[in-house]
Amino acid sequence: MRKESSTNTLNRKRLDAVCGTAYTISLIGGRWKASILYCLMGGKMRYNELRRSIAGASERILVLQLRELEKDGLIKRIVHAEVPPRVEYELTESGLSMKPILKSLSEWGNKYRPRD
């Protein structure tokens with residue numbers, strides 16, 4: 001976490017304000033954010049389903065990235081008042097509008113990533 005008054009934070013905010021690409025990347029640029037969004041393109045998922053779908057992400061980081069995506073308005077968290085509690089995540093309208101972008105990024109990555 002950076003201070004709101006740091007030079008780095010101020011520069012990022014200035015760039016985000018004038019460059020749509022930079023703003024988009026700042027929203028989906030976390031290591032697991034694009035994977036989370038891509039998983040949710042298929043519909044609502046419970047937390048454990050997401051965790052199993054995204055191998056390699058620690059629980060701490062997954063929760064942190066889910067919170068950031070929720071704060072940015074790309075996903076919504078639905079808590080069902082049951083015992084035990086059930087939590088689901090789904091894309092918001094803004095998140096759904098990213099489908100073509102995420103599909104294009106995936107296709108490009110699959111085409112150009114190095115093959116071992």
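FYI, side chains are in, hydrogens and waters are out, and symmetry mates aren't considered; it's all heavy atoms of this structure. FYI, the numbering just counts along the sequence from 1.
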*asked:* Is it the case that atom CZ in Arg86 sees more than 12 heavy atoms from other parts of the structure closer than 6.0 Å?
replied: yes
_Over 12 foreign heavy atoms within 6.0 Å of CD, Glu93_ = no
Going only through I, L, V, M, F, W and Y residues with side-chain contacts under 4.5 Å, is there a path from [X] to [Y]?
X: Leu37; Y: Trp108; answer: no
X: Val18; Y: Leu10; answer: no
X: Leu64; Y: Ile25; answer: no

*Side-chain contact, heavy-atom cut-off 4.5 Å: Leu102 with Met41?*
yes
*Would you indicate whether the side-chain heavy atoms of Arg14 and Asn11 approach each other to under 4.5 Å?*
yes
[X] side chain to [Y] main-chain N or O, any donor-acceptor pair under 3.5 Å?
X: Thr92; Y: Leu74; answer: yes
X: Gln65; Y: Lys33; answer: yes
X: Glu107; Y: Ser104; answer: no
X: Ser106; Y: Lys103; answer: no

Nearest 0.5 Å, please: how far is [atom2] in [Y] from [atom1] in [X]?
X: Leu96; Y: Leu91; atom1: CG; atom2: CG; value: 5.0 Å
X: Ile36; Y: Glu68; atom1: CD1; atom2: CD; value: 9.0 Å
X: Ser94; Y: Leu27; atom1: OG; atom2: CG; value: 9.0 Å
X: Ser26; Y: Arg12; atom1: OG; atom2: CZ; value: 6.0 Å

Closest contact, heavy atoms only, [X] versus [Y]:
X: Arg51; Y: Leu62; result: CA-CD2, 3.7 Å
X: Met98; Y: Thr24; result: CE-CG2, 3.8 Å
X: Leu50; Y: Cys39; result: CD2-CB, 3.9 Å
X: Leu40; Y: Tyr89; result: CD2-O, 3.4 Å

_If you apply the rule side-chain contact (heavy atoms from CB on, under 4.5 Å), what do you find for Val63 with Tyr47, and how did you get there?_
CA-CA 9 Å; Val63 168; Tyr47 172 77; 3.8 Å; yes
_Check against side-chain contact (heavy atoms from CB on, under 4.5 Å), Trp32 and Leu66_ = CA-CA 9 Å; Trp32 303 105; Leu66 285 165; over 6 Å; no
*Please step through side-chain contact (heavy atoms from CB on, under 4.5 Å) for the pair Ile28 and Asp72, ending with a clear verdict.*
CA-CA 10 Å; Ile28 65 171; Asp72 291 332; over 6 Å; no
*No-hydrogen, no-angle side-chain donor-acceptor test under 3.5 Å, Thr9 and Ser6*: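 Per modelled atom types, Thr9 and Ser6 side chains form a pair under 3.5 Å.
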_Under-4.0 Å salt bridge between Lys76 and Glu90_ = yes
*asked:* Please determine whether side-chain contact (heavy atoms from CB on, under 4.5 Å) holds for the pair His80 and Val87, giving the CA-CA distance in whole Å, both sets of side-chain angles, and the decisive distance to 0.1 Å.
replied: CA-CA 6 Å; His80 299 276; Val87 177; over 6 Å; no
